[in-house]
**Q** 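Sending over a structure as structure tokens; questions will come in a sec.
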There are 2 protein chains.
Amino acid sequence: MKKHSVVIVDDHLLFAQSLQGLVNAFDEFEVLYHVKNGSELIKKLLESENVPDIILLDINMPVMNGFETMEWIKENRPSIQVLALSMDDHEETIIKMLRLGAKGYLLKDIHPESFYKALNEVISNGIYYSERVATTLLNSLHGNDEKDSNSGKQLKDTELTFLKLACTEMTYKEIAQEMCLSPKTIDGYREALFKHFKVKSRIGLVLYAIRNNLVNSK
Amino acid sequence: MKKHSVVIVDDHLLFAQSLQGLVNAFDEFEVLYHVKNGSELIKKLLESENVPDIILLDINMPVMNGFETMEWIKENRPSIQVLALSMDDHEETIIKMLRLGAKGYLLKDIHPESFYKALNEVISNGIYYSERVATTLLNSLHGNDEKDSNSGKQLKDTELTFLKLACTEMTYKEIAQEMCLSPKTIDGYREALFKHFKVKSRIGLVLYAIRNNLVNSK
DNA sequence: TCTGTTAAGGGGAAAAATCCCCTTTTTTTA
DNA sequence: TAAAAAAAGGGGATTTTTCCCCTTAACAGA
């Protein structure tokens, strides 16, 4: 029987290498190669006819992150099953990734046996959720989450731009200039986001944005 | 020849498990066990006479993080060589960990061969630095780092307390009450930290603190 | 075409944050 | 032990931030 082929995309070489060992230890799977980021993946996919069955995709990577990479795969290699693989258990991130077309979302603290199960399920059913992810999504659906229930409506471009600049030492006046809008309009965005995220101050906004990976904090 | 024994402390089970496979593949090393956090490590160390040669210690963990764990090891099992193992390449974090007694600092994007080298070096020389860590430390010594050159003088307890509360939606007035100090004193801390970190606003302070892991952002 | 919605922006005031210069009391240290 | 440095706190002014209520124009759906 032909083994299912897996590609690993993760900037943590040590992790990628170790994970490769783990996957290769499973009878049904084998790792074709692993790469450090989205750009490298695309290069490899373009230059090789050997299309993998599964891509294990990290989200936080330098150069080209998981979201951008996922978009490219969806556009150009829609037949590949993508499992997102991240330490980030924030709802915004999970939903964003699944919306982009990931077939499952694994947290890096997953137990190796569940990982094996995930690989198999994504091959047979085309979908897998880890338990904690499922719980998070359920909470979201039922609105049981104080802070995270806002993830439904996604931010408009202009709001996101504002948010990014708000996570900066700029004053609102400077942000307004940067965005070529009136300070009053900026104030409107501010108020909208405060309500949306249920925060009380710009500090709260920054913390929320960082915790939910809406801006890259580092 | 007896193999050198290794213990892995990391909350990412998948990583820990994979890494265990990698380490066991080296002739000279074998993994005794791996645990999810500092508390579990201590429990294991206390109930077993089998003292490991090397501990691979993650820093960001729930329950009991790498810093606290390192302190305990230094106090109670000083003969064990500890290699910190983190994704975090910020100077503050590296220096803090090395000050606490870690014998080396590995970044998780390290190449597996360097990892093997690190294990060997820490056994033979009792010390190892990955290249990027060494570079960071050199920059620090030569003061070539705009923002990070302040890592030398470390914060006083009271300043750190203030900083943590500043990374919160509390107003300064509330922080003052919480710390049982006059708002004016708090204002003094604020100004001192602004100068120390070369930031212009409370937002800047929060960003700096998060980026340098002075507070735990998540 | 009427109507509801949304983006953009204004007025104005209260509350926080920022800044600079100063006093008093401890604590260090030369 | 006298001088220096550090810690706690005050006065007061200027900006920024935050809030609430209102107007106008564009636009989409029934």
Side-chain angles (χ1 to χ4, degrees), chain A residues 92 99 146-147 149-212 214-215 217, chain B residues 146-147 149-212 214-215 217:
Chain A
E92 300 255 4
R99 277 230 178 83
E146 337 76 81
K147 287 240 174 181
S149 56
N150 14 41
S151 341
K153 335 139 209 175
Q154 51 194 345
L155 299 186
K156 281 159 287 187
D157 274 0
T158 159
E159 281 179 328
L160 194 59
T161 305
F162 164 74
L163 185 56
K164 280 182 179 162
L165 293 174
C167 295
T168 274
E169 287 200 87
M170 289 169 118
T171 66
Y172 290 135
K173 203 191 294 182
E174 291 167 335
I175 293 176
Q177 283 180 345
E178 179 75 23
M179 292 180 70
C180 299
L181 289 169
S182 147
K184 274 299 176 179
T185 304
I186 293 302
D187 193 49
Y189 291 162
R190 181 194 57 76
E191 248 183 296
L193 289 184
F194 273 31
K195 280 192 185 126
H196 188 181
F197 294 143
K198 297 189 180 63
V199 298
K200 291 192 220 357
S201 67
R202 183 168 167 186
I203 299 289
L205 199 59
V206 170
L207 293 174
Y208 184 90
I210 289 179
R211 285 199 245 270
N212 292 86
L214 299 177
V215 302
S217 63
Chain B
E146 338 76 82
K147 287 238 174 181
S149 57
N150 13 41
S151 344
K153 335 140 208 175
Q154 52 196 343
L155 300 185
K156 281 158 286 185
D157 273 1
T158 160
E159 281 179 328
L160 195 59
T161 305
F162 164 73
L163 185 57
K164 281 181 179 162
L165 294 174
C167 295
T168 276
E169 287 199 270
M170 288 170 119
T171 68
Y172 289 135
K173 204 191 292 183
E174 290 168 334
I175 294 175
Q177 283 180 345
E178 178 74 25
M179 293 180 68
C180 300
L181 288 170
S182 148
K184 276 297 177 182
T185 304
I186 292 301
D187 194 50
Y189 291 161
R190 181 193 58 76
E191 247 181 296
L193 288 185
F194 274 28
K195 282 194 184 126
H196 187 181
F197 294 144
K198 299 188 180 65
V199 298
K200 292 192 220 353
S201 67
R202 184 168 165 184
I203 299 289
L205 199 61
V206 170
L207 292 173
Y208 184 91
I210 288 179
R211 286 200 242 272
N212 293 300
L214 299 177
V215 302
S217 62

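The sequence lines fix the lettering, A, B, ..., with proteins before strands; numbering per chain opens at 1.
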**Q** Rounded to the Å, how far apart are A/E169 CD and D/dT16 P?
**A**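 My rounded result for the distance is 13 Å.
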**Q** Mind running a 4.0 Å heavy-atom check of residues 170-181 of chain A against DNA chain C and sending the residues that fall below it, in number order?
**A**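 By residue number: A/L181.
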**Q** Round to a whole Å and report the spacing from CD of A/E191 to P of C/dG9.
**A**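 Distance, rounded to whole Å: 16 Å.
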**Q** Could you state the CG-P distance from A/D187 to D/dT17, rounded to the nearest angstrom?
**A**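 To the nearest whole Å, that distance equals 10 Å.
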**Q** So if I take the C1' atoms of five pairs at each end of the helix from C/dT1-D/dA30 to C/dA30-D/dT1 and get each local axis, what angle do the two axes make, rounded to 10 degrees?
**A**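 The angle separating the two end axes equals 40°.
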**Q** Measure the distance from OH on B/Y189 to C1' on D/dG9 and round it to the nearest whole Å.
**A**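 Rounded to the whole Å, the gap is 11 Å.
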**Q** In whole Å, what is the span from the CZ atom of B/R190 to the C1' atom of C/dA16?
**A**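 To the nearest whole Å, that distance equals 11 Å.
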**Q** Between B/T185 and D/dG9, is there a side-chain N or O to OP1/OP2 distance below 4.0 Å?
**A**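 Affirmative; the distance criterion is met.
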**Q** Taking A/G188's backbone N and O only, do any of them form a donor-acceptor pair with A/E191's side chain (distance below 3.5 Å, no angle check)?
**A**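 No, A/E191 side chain to A/G188 backbone: no donor-acceptor pair under 3.5 Å.
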**Q** In whole Å, what is the span from the NE2 atom of B/H196 to the C1' atom of D/dA6?
**A**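 Going from NE2 in B/H196 over to C1' in D/dA6 covers 16 Å.
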**Q** Respond yes when some side-chain nitrogen or oxygen of B/R202 is under 4.0 Å from OP1 or OP2 of D/dT17, and no when none is.
**A**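 Answer no for this pair, as no side-chain N or O of B/R202 is under 4.0 Å from OP1 or OP2.
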**Q** Under 4.0 angstrom, heavy atoms only, what part of the nucleic acid is B/S201 near: base, sugar-phosphate, or nothing?
**A**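 The residue B/S201 makes sugar-phosphate contact but no base contact.
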**Q** Could you tell me the separation between the NZ atom of B/K200 and the CE atom of A/M170, rounded to the nearest 0.5 Å?
**A**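 B/K200 NZ to A/M170 CE: 11.5 Å, rounded to 0.5 Å.
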**Q** How close or far is atom P of D/dT17 from atom NZ of A/K200, stated in whole angstroms?
**A**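 The distance from NZ of A/K200 to P of D/dT17 comes to 19 Å, rounded to the nearest Å.
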**Q** Check this one for me: any side-chain N or O of A/S182 less than 4.0 Å away from OP1 or OP2 of C/dG10?
**A**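 Answer is yes, contact under 4.0 Å.
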**Q** Rounded to the nearest 0.5 Å, how far apart are OH of A/Y189 and CZ of A/F162?
**A**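 Separation between the atoms: 9.5 Å.
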**Q** Send over the distance from B/F194 CZ to C/dC20 C1', rounded to a whole Å.
**A**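 After rounding, the reported distance stands at 15 Å.
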